[in-house]
2 protein chains.
Amino acid sequence: MPVTARPPGRPRAGIDATVFAATLTTVAELGYANATVDRIAAAAGVAKTTVYRRWPSKGALITACLVDAFGPAPLTGTDRAEILAAAIRWAAGKVADPGVGAAFAGVFTDAVNDPELRGILATQLQDPYRVALQEALDEPENRVLFFIDVVIGTLIHRMGMTGEPMVAADVDALVDMVLRVLG
Amino acid sequence: MPVTARPPGRPRAGIDATVFAATLTTVAELGYANATVDRIAAAAGVAKTTVYRRWPSKGALITACLVDAFGPAPLTGTDRAEILAAAIRWAAGKVADPGVGAAFAGVFTDAVNDPELRGILATQLQDPYRVALQEALDEPENRVLFFIDVVIGTLIHRMGMTGEPMVAADVDALVDMVLRVLG
DNA sequence: GCCATTATGCTACTTCTAGTATCGATACCC
DNA sequence: GGGTATCGATACTAGAAGTAGCATAATGGC
């Protein structure tokens, strides 16, 4: 029994999941810049005002959508090398999912000049993985942050410059490179 | 004597350099999102229409500004390791220049969902360095592109997530990591 | 010095999007 | 059925990208 009793009134239906799905498909079809909140709301079958009641800004919506799309990191493996390799391949696969890479790159760009959104992105999306990696690898924070910069930065740069996710051979090269330093 | 004779009429003054300088200072002061074409033009002391007569879009202006700010890469050194290390440190220094990193991250983000701008960015900014690196390192194109993804992606990711350029110690780590693979 | 030529400055405009306000309708739990 | 909080719909504001039209200014050539 939860401490907070369910409040009375019209409850929220499964709107979050519907909006998240609509966000990814809209971004995948039209691109981040053309995925306006109006269009996302229409694709989800909800009113734009409903979106803004649940998320304070478009960037916050995209970030929440990405947190949902990525989910918990599968830090599985018997040793550091296996954990790292699995984490990199998992990240590469997620970035290659339809809409995820474009949404990631888009919200990242928006965050560059929006300190508030940057905090949301760092806290809600990056920090859980950073903390989990610090524990799984027994590495200091700055080392894990560097690892995230390299892996995510490389994947997003490829996605942004070519419009296509990184091919398997290059993901292999990324895994090899990182393992030589942190493995 | 150039093949194309100078056309008659009012010649262009040194407007390009003025606008480029105003672009970087405006982006450095206000951030990419707030560096509107109106404000950049005002900072440069020219009319907005003049900017749009010279560059077809804001993204093209920023790209041209970055091409000017980066200039030719100093691929100096007696061996591959020296060349690579110098190139990485040079890139890190440029990204850390006031306005350059933010402008780079911003135009990169814009390019993700704008194929036309992506072409401009790849052709005018990336390709010259790619070709020069291919010759200097005697590496195939896909290998050099991977190198660029890693170095620029890492630097931009750090800049985007923290708002600050990468510190020297982490640039050292980046150099070490790349040298283990390509050096 | 004058003229043709071309770029610039200026004003106004269109279009699009993020985000907000208001209010009636609706769905849920009790 | 009633209370409550959310949803839908419409309308709105503010701001930025990009465009149009025209008067003006600066240059080289004569």
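This is a predicted model, so every value here is computed, not measured.
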Can [Y] be reached from [X] by stepping across I, L, V, M, F, W or Y side chains whose heavy atoms are under 4.5 Å apart?
| X | Y | value |
| --- | --- | --- |
| B/Met159 | B/Val107 | no |
| B/Leu30 | B/Leu66 | no |
| A/Leu84 | A/Leu155 | yes |
| B/Met161 | A/Leu145 | no |

Measure the distance from [atom1] on [X] to [atom2] on [N] and round it to the nearest whole Å.
| X | N | atom1 | atom2 | value |
| --- | --- | --- | --- | --- |
| A/Ile15 | C/dC28 | CD1 | C1' | 13 Å |
| A/Ile40 | D/dG8 | CD1 | P | 15 Å |
| A/Lys58 | C/dC16 | NZ | C1' | 12 Å |
| A/Tyr52 | C/dA18 | OH | P | 5 Å |
| B/Lys48 | D/dA20 | NZ | C1' | 12 Å |
| B/Asp38 | C/dA12 | CG | P | 14 Å |
| A/Leu117 | C/dA18 | CG | P | 13 Å |
| B/Leu61 | D/dA17 | CG | P | 10 Å |

For this session: Kindly say if B/Arg39 contacts the phosphate of D/dA16, meaning a side-chain N or O under 4.0 Å from OP1 or OP2.
Result: yes
Exercise. With respect to the phosphate group of D/dG8, does any side-chain polar atom (N or O) of A/Thr50 fall under 4.0 Å of OP1 or OP2?
Worked result: yes
Exercise. Starting at the 5' end of DNA chain C, which residue's closest nucleotide do you reach first, A/Val37 or A/Arg53?
Worked result: A/Val37
Exercise. DNA chain C: A/Thr49 or A/Ala33, which has the more 5' nearest nucleotide?
Worked result: A/Ala33
Exercise. Would you call the rings of A/Trp55 and A/Phe20 parallel, tilted or perpendicular, where under 30° means parallel and over 60° means perpendicular?
Worked result: tilted
Problem set entry | Sugar-phosphate only, base, or nothing, as touched by A/Gly45 at under 4.0 Å among non-hydrogen atoms | sugar-phosphate
Exercise. Side chain of A/Thr36, base of C/dC16: donor and acceptor closer than 3.5 Å?
Worked result: no
